[in-house]
Amino acid sequence: MDPLIQATIPGIRQGMSTLGIEEDDWGSLLGPSTVSDHGDLAMACHSLARVLRKSPVDIAEDICAAITPNLKGFAQVTSMNGFVNIKATNSWLSERVTEVASDSRLGITKAEIPRTIAIDYSSPNVAKEMHVGHLRSTVIGDALARILSYQGHTVIRENHIGDWGTPFGMLIEHLLDLGEAEAGGEISVGDLDSFYKSARGKFDEDSDFAARSRARVVLLQSGDEDTLHLWKVLVNESTRYFNEVYRLLDVLLVDADLMGESAYHPLLPSVVSRLSDAGLLEESGGADVVFPGGHLNREGEPLPLIIRKGDGGYNYATTDIACIIDRIERLNADDLLYVVGTPQSRHFEMVFEVCRMAGLLGAGHRSEHVNFGSVLGSDGKVLKSRSGSAVKLVDLLEESISRATAVVDEKNPGLGEDEKNQIARSVGIGAVKFSDLSNDRTRDYVFDWSKMLSFEGDTSPYLQYAHARICSIFTKVEDSNWVDYPININDHYEGRLARSLLSYRDSFESSARDLMPNRLCTHLLAISSAFTSFYENCPVLIVEDPEVRNGRLRLCDATARSLKIGLSLLGIDAPERM
RNA sequence: GGGCGUGUAGCAUAGUCUGGAUAAUGCACCGGCCUCCUAAGCCGGGGACCGUGGGUUCGAAUCCUGCCGCGCCCGCCA
């Protein structure tokens, strides 16, 4: 209830000064109440006892008496157990929530100073299947892209696909063995696992094939035209497949966001020369490296970041630095976000540190590894595509849509085929995305079909359902008398709903600031829950008093828009019927 | 061995940054609610020594620290 703090702080300040209590002493004591029955805000007075040499109970009473007159109209003040409790009045709530309801952004303001933010996310590998593990980066990155855009920042989506490196030798040779048309077909229908595994299998077992593969890598690196053509076939068929998954998932990523590893390949020599010019490059074990410091290997010796391998080749650290240079210098990015799994945290620490040492990243840049935990199998171990237990992302999505179809059929049989399919898609995809987004991204989680595909409880279908119910109310409204009608909070349930709407901005900003979509998820659930309670207890259309009816309609409208916007920021549809 | 992270009802999680009163939510479980605006819902109930031992504090799930469990990382894969 930040708005209430803003509203009451002048009165509190004045009251405190008449009591001679310093703001340094009480400023940090005011916060949201932990016991909602007692009020919206609370101030624990126990730490003031030492300063004032009085009991907390007496102090709370004194403060209560001193600030009560100043908060008249805003809030009721009481004291209990050494706490000052401040509870918003219905009239204040009514005014504020009417204000928020009048705002198309529901009180969420844009950033004062917009920044240019490059977000690196999704990053599947060419000729490799997308498994549930890819869901996290794709869905979290996409939500952050939407959230930061909504704040008015310039967001540059970067899909850093794995389209370069030694595996391409074997992939291209396998492509040749199969024949271009055949291989292209296999990839474009999404049978990437078998393609990759066959190539891998031949590489491991057939020494002749392995030799051809190694030779092919050399040809690729040297820019041989035929080889590049074959490589391009793999990349094109794969990206076509990725796009199908992205469309199904309903994420923002399009071809223009593709910036694969290969795109940075020509820049790698300059990374070496720039680090060398900065005096950072050292020779170690035949490789060119930089020691960022602070990291040790198993023997307790400084751990280097390898820039150029002993054989003259480059690896991912070099590409990542080239990437940073490109994003800073060509795209003028202020912030660099990498939605990549936690296991790579050391890598990013080292890369960022080297870039700061080299002056490539300055004080004005924010570079952040937006890490996320691993998806675990029921055995508690990380799901690996090779273990066989990994679930294909498309299979998960299709299963979710098919379950949603069954539920929609059952709950709302009157819908037409097209609308039903559209709703099932929104519900099914939303459920999968929300189950991922609503968890703290930094924690691992155990993959669980039934939980991921659940449509009850704390899920996106619950949010979508609340939204659809409100839309249904408005299909029965024929007048527009309610549109500019002031909201009048009288009832307990109205108050709870109004409070959740007023806290929307806080939650959104916390979510955006810490790049934690789960905070927004939690708040949308709170709004929904407040709404459904309200809806069960407060008749809207069937109430006789037009003032009550109109005010409640506006509350409904503001709730629907909060949910619709909130869901859209998570990349989830809000159908009007379901 | 070193580093990083993590541990909250049977299960899954929120809360931890910024310490406050009775630890919040969902699933599962028990009991109610559709002649009434969408029951994918609502109302009520049981269920937690917040991993564990210390410390700081008037006050600790939250801060510091020891230990235990688990996960990840520790030089030429990405």
Side-chain angles (χ1 to χ4, degrees), chain A residues 28-29 31 33-38 42-47 49-50 56 80-83 85 123 125 162 164-167 261 284-289 294-311 313-317 319-320 340-347 349 371 373-374 376 380-382 404 407-408 410-412 427 435 438-440 442-446 448 450-451 454-459 461-462 464-466 468-477 510 514 518-519 521-522 525-526 529 532-533 535-537 539-543 556 577-578:
Chain A
S28 61
L29 301 178
S33 176
T34 53
V35 185
S36 58
D37 293 347
H38 293 160
M43 187 187 285
C45 301
H46 310 81
S47 66
R50 192 178 335 131
M80 184 193 278
N81 303 336
F83 288 84
N85 292 307
S123 315
N125 290 311
W164 202 252
T166 49
E261 291 166 12
S284 172
D288 292 325
V289 308
H295 299 276
L296 302 177
N297 68 13
R298 218 178 280 272
E299 283 72 46
E301 298 154 350
L303 187 66
L305 189 68
I306 294 173
I307 303 301
R308 183 160 54 186
K309 300 189 286 185
D311 65 3
Y314 303 100
N315 61 15
Y316 67 129
T319 306
D320 281 346
V340 177
T342 303
Q344 294 194 45
S345 53
R346 164 113 76 168
H347 166 71
E349 279 172 32
N371 63 315
S374 307
L376 310 178
K381 299 213 162 120
V382 178
V407 177
V408 176
E410 180 204 326
K411 306 276 183 187
N412 206 341
V427 170
S435 79
S438 57
N439 286 343
D440 181 334
T442 64
R443 290 174 43 140
D444 293 350
Y445 73 71
V446 175
D448 182 342
S450 61
K451 191 170 150 41
S454 165
F455 302 149
E456 288 172 7
D458 284 350
T459 63
Y462 177 73
Q464 291 168 320
Y465 184 59
R469 289 174 90 177
I470 301 173
C471 291
S472 157
I473 297 172
F474 281 98
T475 61
K476 300 179 173 64
V477 174
S510 163
D514 295 332
N518 65 310
R519 306 238 172 99
C521 293
T522 301
L525 290 169
S529 169
T532 42
S533 289
Y535 191 55
E536 296 285 339
N537 291 285
V540 179
L541 296 178
I542 49 187
V543 75
C556 289
R577 295 203 287 179
M578 62 185 279

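Everything quoted here is computed from the prediction, not taken from an experiment. Chain naming here is simple, since letters A, B, ... match the order of the sequence lines and numbering starts at 1 in each.
- Shown here are the side chain to side chain donor-acceptor pair (under 3.5 Å) partners of A/Ser36, two or more places apart in sequence or in another chain: there are none.
- For B/rC27, neither phosphate oxygen OP1 nor OP2 lies less than 4.0 angstrom from any side-chain nitrogen or oxygen of A/Tyr462.
- Taking the six-membered ring for Trp and thresholds of 30 and 60 degrees, A/Tyr316 and A/His347 have nearly parallel ring planes, at less than 30 degrees apart.
- Between A/Arg469 and the phosphate of B/rA40, there is no side-chain N or O to OP1/OP2 separation shorter than 4.0 Å.
- One atom, CD1 of A/Ile542, and another, P of B/rU35, lie 14 Å apart when rounded to the nearest Å.
- In this model, the phosphate group of B/rA14 is approached by a side-chain N or O of A/Arg443 to a distance below 4.0 Å at OP1 or OP2.
- Residue A/Gln344 is in base contact, counting any heavy-atom pair closer than 4.0 Å across all strands shown.
- Contact between the side-chain N/O atoms of A/Lys309 and the OP1/OP2 oxygens of B/rC77 is found at a separation under 4.0 Å.
- You'll find that the side chain of A/Leu303 is closest to B/rC74, out of B/rA40, B/rC37, B/rC74.
- Note on A/Ser345: every side-chain N or O is 4.0 Å or more away from OP1 and OP2 of B/rC4.
- Looking at A/Thr522, its side chain has no donor and acceptor atom pair within 3.5 Å of the base of B/rG15.
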Exercise for review: Kindly indicate, with the supporting measurements, whether the criterion salt bridge (Lys or Arg N to Asp or Glu O under 4.0 Å) is fulfilled by A/Lys411 and A/Glu456.
Suggested key: CA-CA 13 Å; A/Lys411 306 276 183 187; A/Glu456 288 172 7; 5.6 Å; no
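- Between A/Lys476 and B/rU38 there is a side-chain polar atom (N or O) within less than 4.0 angstrom of OP1 or OP2.
- Looking at residues two or more places apart in sequence or on another chain, you find no side chain to side chain donor-acceptor pair (under 3.5 Å) involving A/Tyr465.
- Under 4.0 angstrom from either OP1 or OP2 of B/rC43 there lies at least one side-chain N or O belonging to A/Ser533.
- Among the heavy atoms of the strands, none lies under 4.0 Å from A/Gly300.
- On a pure distance criterion of 3.5 Å, a polar donor-acceptor pair joins the side chain of A/Asn85 and the base of B/rA21.
- Across all strands, A/Asp440 comes closer than 4.0 Å only to sugar-phosphate atoms, never to a base (heavy-atom distances).
- For B/rA21, the base is stacked against the aromatic ring of A/Phe83, per a cut-off of 5.5 Å between centres and 30° between planes.
- Distance A/Arg346 CZ to B/rC76 C1': 15 Å, rounded to the nearest Å.
- Residue A/Leu296 is classed as a sugar-phosphate contact, given heavy-atom separations below 4.0 Å to backbone atoms only.
- Nucleic acid contact class of A/Gly162 (heavy atoms, under 4.0 Å, all strands): none.
- If you check every strand for non-hydrogen atoms under 4.0 Å, A/Tyr535 touches a base.
- The phosphate of B/rA40 (OP1 or OP2) has a side-chain N or O of A/Tyr465 nearer than 4.0 angstrom.
- For B/rC63, the glycosidic angle deviates from 0 by more than 90°, giving an anti base.
- Between B/rG20 and A/Thr34, no contact under 4.0 Å exists linking OP1 or OP2 to a side-chain N or O.
- Contacts of A/Arg519 with the nucleic acid, taken as non-hydrogen atoms under 4.0 Å apart, involve only primed sugar atoms and P, OP1 or OP2.
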